[in-house]
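Below is one structure, written out as structure tokens; the observations come after it.
Remember, it's a predicted structure, so these values are computed and weren't measured experimentally.
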Amino acid sequence: MMGFSWKLFYVFGILFWGFSQRWRTVESNGGSFSCEFRAIYNFGDSNSDTGGISAAMSEILSPNGETFFGHPAGRACDGRLIIDFIAENLKLPYLSAYLDSVGTNFRHGANFATGGSSIRPPGYSPFNLWVQISQFIQFKARTTSLYNQLTLNRRNPLTISNLPRPAEFSQALYTIDIGQNDLAHGFQYTTVKQVLASIPDIIGQLPQAIHTLYNEGARFFWVHNTGPIGCLPVSVLYEISKPWNLDKNGCVRLQNEVAVEFNRQLKDMISQLRAQLPFARFTYVDVYSAKYTLVSDAKNIGFVEAVNFCCGNCMKKGMANGTVYGNPCNHPSKHISWDGIHYSQAANIWVAERILNGSFSDPPLSIQSACHHQTTIL
């Protein structure tokens with residue numbers, strides 16, 4: 001009888017969850033239901049950093065930001081990142097960096113990503129994933145306490161307007177885009193064989209991190225896999241004198257094979273988390289395939305060859321032997337790579353248009369429908 005009661009309770013719990021999700025959605029013009037995410041909380045590296053490392057460590061200077069913002073905006077890019085297009089798609093403001101103390105607004109989320117970050121230490125940045133998770137826990141506790149205090153006392157409406165609503169932490173989208181620096185750091189300081197051997201331990205850090213977020217109320221996860229690191233100009237230029245190390249598209253073959261294995265294990269881990277956390281919703285996004293498609297067909301799409309980047313040494317300006325470094329090319333929109341490591345705004349637009357509609361997702365749901373349950377791709 002006890003077993004039957006437990007099963008009945010579980011069934012009713014699933015039904016309640018389904019009805020609650022239906023209640024939290026609105027019908028779109030196409031007749032399908034889309035989620036009303038009230039906020040975004042992002043964890044990652046420079047691919048999604050909107051000002052963290054610039055505020056905390058070394059300022060990101062001009063010409064970064066020139067294409068869209070007209071000035072440096074904390075992004076290692078000439079304009080917007082994929083995380084910015086996620087915010088636009090969900091009709092939310094661009095995310096303020098948690099580490100930035102000036103002009104920030106956390107009403108609709110916060111960005112804990114910082115340039116150079118990795119899943120596990122050591123890495124290029126002290127702000128590894130576990131530090132970011134710890135920052136989120138403190139952020140949630142402190143903002144909730146302050147919001148409740150200000151609401152109770154009916155004071156400082158301006159301050160309240162910049163704070164997240166405590167109830168909306170469970171209605172937010174949690175985006176994760178990290179892992180590239182774990183591989184890059186490994187390639188730089190160890191061998192390919194050692195990097196491959198390290199992948200299970202790197203991926204093994206993620207379940208506990210996601211469980212921690214789940215225990216804090218997170219339910220909707222949008223997880224990017226890692227991109228084709230072997231196609232980055234900074235990787236290709238080290239191997240360009242060894243054409244046997246490059247694939248048909250000019251990318252470093254072994255590095256991409258490692259990235260593919262990383263992504264295979266990441267996808268398996270997401271599948272396991274779905275079974276462990278049935279009330280959560282996980283969308284695994286194959287950014288690798290989208291970016292590799294872009295690199296493979298660059299000329300037909302309207303870009304120059306992927307190995308050609310727009311701005312050398314764009315993180316700082318300087319002069320050596322009469323040559324000014326840090327000046328961008330004349331047409332950033334023609335380049336896939338902005339600075340040899342990071343993608344240009346034009347490339348980010350191209351990738352975002354393809355991943356946000358669900359074309360590269362498992363399950364194949366758009367980001368606006370990422371709160372729904374659907375059978376995943378085997």
Kindly indicate whether the side chain of [X], heavy atoms from C-beta on, has any atom under 4.5 Å from the side chain of [Y].
{"X": "H211", "Y": "L273", "answer": "yes"}
{"X": "V258", "Y": "F187", "answer": "yes"}
{"X": "N348", "Y": "R80", "answer": "no"}
{"X": "V307", "Y": "L237", "answer": "yes"}
{"X": "T104", "Y": "N162", "answer": "no"}
{"X": "W222", "Y": "I40", "answer": "no"}
{"X": "P332", "Y": "Q345", "answer": "no"}
{"X": "L294", "Y": "R354", "answer": "no"}

- Query: Among pairs that include at least one residue of residues 227-247, which meet salt bridge (Lys or Arg N to Asp or Glu O under 4.0 Å), considering only residues two or more places apart or in two chains?
  - Reply: none
- Task: Sorted by first residue and then second, give each disulfide (SG to SG under 2.5 Å) pair with at least one member in residues 207-268; sequence neighbours left out.
- Result: C231-C251
- For residues 48-128, which residue pairs qualify under disulfide (SG to SG under 2.5 Å), counting only residues two or more places apart or in two chains? none
My understanding is that only residues two or more places apart in sequence, or in another chain, count here; which of them pass side-chain hydrogen bond (donor to acceptor under 3.5 Å, both in side chains) with [X]?
{"X": "D84", "answer": "R75"}
{"X": "Y41", "answer": "none"}
{"X": "N256", "answer": "none"}
{"X": "T144", "answer": "none"}

For the residue pair [X] and [Y], what are the closest heavy atoms and their distance?
{"X": "D177", "Y": "H224", "result": "OD2-ND1, 3.1 Å"}
{"X": "S117", "Y": "G44", "result": "CB-O, 3.5 Å"}
{"X": "Q255", "Y": "S235", "result": "OE1-OG, 3.2 Å"}
{"X": "A370", "Y": "R281", "result": "O-CB, 3.6 Å"}
{"X": "S62", "Y": "P72", "result": "N-CG, 3.2 Å"}

For [X], give me all partners under salt bridge (Lys or Arg N to Asp or Glu O under 4.0 Å), at least two apart in sequence or on another chain.
{"X": "K299", "result": "E305"}
{"X": "R264", "result": "E261, D268"}
{"X": "R107", "result": "E168"}

Would you list the atom pairs, donor with acceptor, under 3.5 Å between side chains in residues 191-201 and any protein atom, with sequence neighbours excluded?
unit_1 : atom_1 : unit_2 : atom_2 : d
T191   : OG1    : Q194   : N      : 3.1
T191   : OG1    : Q194   : OE1    : 3.3
Q194   : OE1    : T191   : N      : 3.0
S198   : OG     : V195   : O      : 2.6
D201   : OD2    : R120   : NH1    : 2.4

- Query: Given S54 and E59, is the side-chain contact (heavy atoms from CB on, under 4.5 Å) satisfied, shown in steps?
  - Reply: CA-CA 4 Å; S54 184; E59 183 182 5; 3.8 Å; yes
- Is the F69 ring parallel, tilted or perpendicular to the H71 ring (thresholds 30°, 60°)? tilted
What's the separation between atom [atom1] in [X] and atom [atom2] in [Y], rounded to the nearest 0.5 Å?
{"X": "I336", "Y": "S344", "atom1": "CD1", "atom2": "OG", "value": "7.5 Å"}
{"X": "D100", "Y": "N105", "atom1": "CG", "atom2": "CG", "value": "12.0 Å"}
{"X": "D286", "Y": "D362", "atom1": "CG", "atom2": "CG", "value": "9.5 Å"}

- Query: Pick one: which of D78, L232, L81 meets side-chain contact (heavy atoms from CB on, under 4.5 Å) with Y343?
  - Reply: L232
- What pairs of residues pass the ring-ring contact (aromatic ring centres under 6.0 Å, His included) test when at least one of them lies in residues 100-125, not counting sequence neighbours? F43-F112, Y98-F112, F106-F139, F112-F136, F112-F139, Y124-H185
